[in-house]
2 protein chains.
Amino acid sequence: MSDTHTGVTVPVPVPADADCPIREVLDIVGDKWSVLIVVLLGQSTYRFTELNRAIEGISQRMLTRTLRILVRDGLVTRTPHATVPPRVDYALTDLGRTLLEPLTALNTWAGAHRDDIAAARRRHDTAEEAAAQ
Amino acid sequence: MSDTHTGVTVPVPVPADADCPIREVLDIVGDKWSVLIVVLLGQSTYRFTELNRAIEGISQRMLTRTLRILVRDGLVTRTPHATVPPRVDYALTDLGRTLLEPLTALNTWAGAHRDDIAAARRRHDTAEEAAAQ
DNA sequence: CAGAATCCTTTCTGATACTG
DNA sequence: CAGTATCAGAAAGGATTCTG
């Protein structure tokens with residue numbers, strides 16, 4: 001493969017799903033709720049209903065589903081207690097905690113640049129509006 | 001709001017979309033292609049067709065669409081050249097480049113823990129299979 | 001070449017009702 | 001309480017065709 005603007009030959013930079021680490025993270029982190037849950041569990045253990053209340057807008061169905069995936073991926077533990085009424089605690093695993101750091105970096109970035117992004121959008125939208133006239 | 005297992009009152013940790021930085025990043029980064037494009041453009045400028053070829057599996061439609069959003073968010077520049085045949089170069093803005101660092105952190109994490117995740121999945125799936133018997 | 005437009009399929013998500 | 005099951009709507013994504 002030849003790179004038109006540099007003349008340099010480059011390898012395929014983003015291979016198909018299986019063997020691309022970037023796509024793997026996205027599979028874990030790229031959905032609507034996983035990150036939110038991981039960040040919350042980074043603060044303390046939560047039980048099902050607590051998570052449901054803490055994450056505004058999540059449905060019971062999606063919470064169940066997402067937790068399952070996180071447990072399967074080894075990021076979260078699920079520990080049921082044989083009490084009445086039943087109680088299930090969710091917490092991060094050691095692996096899950098290692099994810100906290102890069103996520104925090106992303107979160108920090110968002111906080112630092114949200115204004116820039118908002119400004120860029122305004123610029124873009126008004127410029128586009130002007131072009132439409 | 002009272003935290004059942006600690007007895008401590010906590011604020012709502014994950015507010016609705018508008019004012020939550022985490023959700024904002026996810027809006028940018030949480031889709032199937034944006035990160036891939038940003039990472040590629042972190043290496044050099046690309047033109048449309050180059051991106052299309054470099055990102056295995058992306059459709060023309062999705063590439064166009066995603067690039068538009070990235071441009072609107074001020075992360076990517078689009079510079080058309082009035083040549084025949086036409087040519088459009090895409091590159092990161094300064095803002096876009098700042099995103100590279102947290103993304104790299106995430107990528108590094110993925111590389112470092114992909115085996116752990118794969119192992120967790122195997123454990124989980126075989127345990128589940130055993131339970132099904 | 002770099003898209004735009006259209007159509008169609010798949011996936012995701014929320015609402016609702018039910019259960020151990 | 002902590003889910004499961006079912007259904008319907010929304011959204012995302014892909015394939016194809018067409019154009020400046």
Side-chain angles (χ1 to χ4, degrees), chain A residues 1-5 14 16-17 23 26-37 40-41 45-72 76-91 128 131-132, chain B residues 1-5 14 16-17 23 26-37 40-41 45-72 76-91 128 131-132:
Chain A
M1 186 191 237
S2 177
D3 196 75
T4 313
H5 54 288
V14 183
D17 307 56
R23 303 213 194 198
L26 288 178
D27 271 353
I28 295 175
V29 151
D31 75 297
K32 203 173 175 184
W33 306 111
S34 300
V35 173
L36 265 25
I37 294 176
L40 271 181
L41 294 183
T45 296
Y46 278 79
R47 42 193 302 195
F48 189 84
T49 312
E50 290 173 345
L51 282 172
N52 206 161
R53 273 193 297 263
I55 302 172
E56 204 169 305
I58 197 171
S59 65
Q60 213 176 36
R61 185 177 173 281
M62 275 303 107
L63 181 55
T64 305
R65 219 176 183 297
T66 309
L67 283 171
R68 252 222 238 285
I69 294 172
L70 291 173
V71 168
R72 175 170 184 263
V76 167
T77 58
R78 174 185 185 277
T79 65
H81 302 277
T83 58
V84 178
R87 161 193 192 121
V88 179
D89 285 336
Y90 290 94
E128 178 184 79
Chain B
M1 184 190 234
S2 177
D3 197 75
T4 315
H5 54 288
V14 182
D17 308 56
R23 303 214 193 197
L26 288 179
D27 271 354
I28 295 174
V29 150
D31 75 297
K32 202 173 176 184
W33 306 112
S34 299
V35 173
L36 265 25
I37 295 176
L40 271 181
L41 294 182
T45 296
Y46 277 79
R47 42 194 300 194
F48 188 85
T49 313
E50 290 174 345
L51 283 172
N52 206 160
R53 272 193 297 264
I55 302 172
E56 204 168 305
I58 197 171
S59 65
Q60 214 176 35
R61 184 177 174 280
M62 276 302 108
L63 181 55
T64 305
R65 217 175 183 297
T66 309
L67 282 171
R68 252 221 238 285
I69 295 172
L70 291 173
V71 168
R72 175 170 184 263
V76 168
T77 58
R78 174 185 185 276
T79 65
H81 301 279
T83 59
V84 178
R87 159 192 194 125
V88 179
D89 285 335
Y90 290 93
E128 177 184 78

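We name chains A, B, ... by the order of the sequence lines, and we start the count at 1 in each one.
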For residues 59-66 of chain A, tabulate all N or O donor-acceptor pairs below 3.5 Å that involve a side-chain atom, not counting sequence neighbours.
unit_1: Ser59(A); atom_1: OG; unit_2: Met62(A); atom_2: N; d: 3.3
unit_1: Thr64(A); atom_1: OG1; unit_2: Gln60(A); atom_2: O; d: 2.8
unit_1: Thr66(A); atom_1: OG1; unit_2: Met62(A); atom_2: O; d: 2.6

Partners passing side-chain contact (heavy atoms from CB on, under 4.5 Å) against Pro86(A) (at least two apart in sequence or in another chain):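 side-chain contact (heavy atoms from CB on, under 4.5 Å) list for Pro86(A), sorted by chain: empty.
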If you define the side chain from C-beta out and look only at heavy atoms, does anything of [X] sit under 4.5 Å from [Y]?
X        : Y        : result
Lys32(B) : Leu26(A) : no
Arg87(B) : Pro85(B) : no
Ser34(A) : Val29(A) : no
Leu51(B) : Leu67(B) : yes

Given dA2(D), dG13(D), dG3(D), which nucleotide is nearest the side-chain atoms of Arg87(A)?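 Among dA2(D), dG13(D), dG3(D), the one nearest the side chain of Arg87(A) is dA2(D).
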Is there a side-chain contact between Arg68(A) and the phosphate of dT4(D), meaning an N or O under 4.0 Å from OP1 or OP2?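 For Arg68(A), the contact criterion (side-chain N or O under 4.0 Å from OP1 or OP2 of dT4(D)) is met.
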For dG3(D), take OP1 and OP2 only and decide whether either is under 4.0 Å from a side-chain N or O of Tyr90(A).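 Yes, within the criterion.
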To the nearest Å, how far apart are [X] [atom1] and [N] [atom2]?
X        : N       : atom1 : atom2 : result
Leu51(A) : dA2(D)  : CG    : C1'   : 12 Å
Arg65(B) : dA12(D) : CZ    : P     : 7 Å
Asp31(A) : dA11(D) : CG    : P     : 17 Å
His81(A) : dC1(D)  : NE2   : C1'   : 12 Å
Met62(A) : dG3(D)  : CE    : C1'   : 14 Å
Leu67(A) : dA2(D)  : CG    : P     : 11 Å

Gap between atom CZ of Arg47(A) and atom OG1 of Thr79(A) - 0.5 Å precision: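 Rounded to the nearest 0.5 Å, the OG1-CZ separation comes out at 10.5 Å.
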What distance separates Glu50(B) CD from Ile55(B) CD1, expressed to the nearest 0.5 Å?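 Those atoms lie 11.5 Å apart.
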5' to 3' contact window, DNA chain C with chain A (heavy-atom distance under 4.0 Å):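 Footprint of chain A along DNA chain C, 5' to 3': dT13(C) to dG20(C).
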Could you list the protein-to-nucleotides 15-20 of chain D atom pairs, N/O on both sides, closer than 3.5 Å?
none

All salt bridge (charged side-chain N to carboxylate O under 4.0 Å, His left out) counterparts of Arg72(B), not counting sequence neighbours: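 Residues passing salt bridge (charged side-chain N to carboxylate O under 4.0 Å, His left out) with Arg72(B): Asp125(A).
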Return the angle between end axes of the helix from dC1(C)-dG20(D) to dG20(C)-dC1(D), with five pairs used per end and rounding to 10°.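 Axis-to-axis angle, ends of the helix: 50°.
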Would you mind telling me which residue lines up with the more 5' stretch of DNA chain D, Thr64(A) or Pro85(A), judged by nearest nucleotide?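 Residue closer to the 5' terminus by nearest nucleotide: Pro85(A).
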